[in-house]
Amino acid sequence: MGDYMHQHVFGRAGMTGSAYCTRNQWLADEHIAHPYMRQPDGSRIDAVRNLDKDSLSQQGPGENPGRGFIGNVFATAPDLVRFAEAVRNATVLNRPYADLYTGANRPGRTPTSFSAYSGVLHIVNGRQTVSGRGGGTGGVSANWNIYLDTGWVGVVLSNYDDLPEFGEILGQEQRAITGQG
């Protein structure tokens, strides 16, 4: 799996800081961020080094991402921007598939949202289409938005869970790029 990802995704997109890693590699490589889960006493612990602990996060209660022994894909914020550009330029996927990946395929939960293979599409300001993926688990909060009509990409990554200001950070991103939040 790792060789395929390096050849067909990371290599084509120029994602030099991304990798498919096993848990042992995660533990050994100091360049790979560790998730820090909030605990009942308010402290945070390294999820990778404390497999017996669970997350209290509303994003992933009872989860611990360090338990994924087979392997995980790790990407840097600049590499997520490179991937967005590779999708936009049909470098990773041929044009019809890139359009299918980022295009709406069914209505979403609100009148201005749609489901897509790339995540959720939102229409902001009545004219700007934003393709977004986000979420979290124990010790992780992440969001990636591609502003399809402008060329802007927003990436917010954190190795903490339950960040009350995370939504405000995303709102500031959207206001900065679209003028509306």
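If you take NZ on Lys53 and CZ on Arg67, they are separated by 11.0 Å, rounding to the nearest 0.5 Å. Taking OG1 of Thr76 as the start and CG of Leu157 as the end, the distance is 8.5 Å to the nearest 0.5 Å. In this structure, the separation between OG on Ser18 and CG on Leu80 is 6.5 Å, given to the nearest 0.5 Å. The line from OG1 of Thr22 to CG of Asn72 is 9.0 Å long, rounded to the nearest 0.5 Å. Taken from CG in Leu56 to CG in Asp41, the straight-line distance is 9.5 Å, to the nearest 0.5 Å.
At a threshold of 4.5 Å between non-hydrogen side-chain atoms, the residues Gln128 and Ile177 do not count as touching. Annotation: side chain of Tyr147 is in contact with side chain of Asn145 (closest heavy-atom distance under 4.5 Å). Using a 4.5 Å heavy-atom threshold, the side chains of Asn143 and Arg133 count as separate. Using a 4.5 Å heavy-atom threshold, the side chains of Val81 and Val155 count as touching. The closest side-chain heavy-atom distance from Asp54 to Gln39 is not below 4.5 Å. Side-chain contact between Val87 and Thr102 is present, with at least one heavy-atom pair separated by less than 4.5 Å. Within the 4.5 Å cutoff, no side-chain heavy atoms of His34 are placed close to those of Val140. At least one side-chain heavy atom of Val156 sits less than 4.5 Å from a side-chain heavy atom of Leu170.
Residue pairs meeting the ring pair (Phe, Tyr, Trp, His ring centres under 6.0 Å) criterion with at least one partner in residues 84-125, sequence neighbours excluded, are absent. For the ring pair (Phe, Tyr, Trp, His ring centres under 6.0 Å) condition, no pair includes a residue of residues 36-68, sequence neighbours left out. Applying the salt bridge (charged side-chain N to carboxylate O under 4.0 Å, His left out) rule to pairs touching residues 150-162 yields Arg38-Asp162, Arg44-Asp161, sequence neighbours excluded.
Counting side-chain heavy-atom gaps under 4.5 Å among Ile, Leu, Val, Met, Phe, Trp and Tyr, the cluster of Phe74 also holds Trp26, Leu27, Ile32, Val48. Met37 shares a hydrophobic cluster with Ile45; the chain of contacts runs through ILVMFWY side chains whose heavy atoms sit under 4.5 Å apart.
Side-chain atoms of Asn64 come within 3.5 Å of backbone atoms of Gly66 as a donor-acceptor pair (strictly under, hydrogens ignored). Although no hydrogens or angles enter the test, the distance criterion places no donor-acceptor pair under 3.5 Å between the side chain of Thr129 and the main chain of Leu148. Listed for the Asp79 side chain is no donor-acceptor partner under 3.5 Å among the backbone atoms of Ala75.
By the rule that hydrophobic residues join a cluster once side-chain heavy atoms approach within less than 4.5 Å of another member, Trp144 and Ile123 end up as members of one cluster.
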**OP:** Take Val124 and Gln174 through the side chain to side chain contact (heavy atoms under 4.5 Å, CB included) test and state the conclusion after the steps.
**Re:** CA-CA 9 Å; Val124 180; Gln174 186 173 348; 3.0 Å; yes
**OP:** Could you please spell out the steps behind the side chain to side chain contact (heavy atoms under 4.5 Å, CB included) verdict for Val73 and Met5?
**Re:** CA-CA 9 Å; Val73 173; Met5 292 294 292; 4.0 Å; yes
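A donor-acceptor contact closer than 3.5 angstrom is absent between the side chains of Gln25 and Tyr20. Asn89 and Thr91 form no side-chain donor-acceptor contact under 3.5 Å, judged by distance and modelled atom types alone. For the residue pair Glu63 and Thr137, a side-chain donor N or O sits within less than 3.5 Å of a side-chain acceptor on the partner.
Here Ser118 pairs with Ser131 under the side chain to side chain donor-acceptor pair (under 3.5 Å) rule; sequence neighbours left out.
Residue Ala86 comes nearest to Val92 through the heavy atom pair CB-CG2, 3.3 Å, listed as atom of the first residue, atom of the second, then distance. Considering all non-hydrogen atoms of both residues, Ala47 and Pro65 come closest at CB-CD, 4.2 Å. Of all non-hydrogen atoms in Leu163 and Ser158, the two that sit nearest each other are CD1-OG, 3.1 Å. When every heavy atom of Ala104 is checked against every heavy atom of Leu121, the shortest pair comes out as N-CD1, 3.3 Å.
Look at Arg82 and Glu85 and you find no salt bridge, because none of the NZ, NE, NH1 or NH2 atoms lies under 4.0 Å from a carboxylate O. One finds no salt bridge joining Asp99 and Arg88 here, because no Lys/Arg side-chain nitrogen approaches an Asp/Glu carboxylate oxygen to under 4.0 Å.
The number of heavy atoms from other shown groups lying within 6.0 Å of CZ (Arg95) is above 12.
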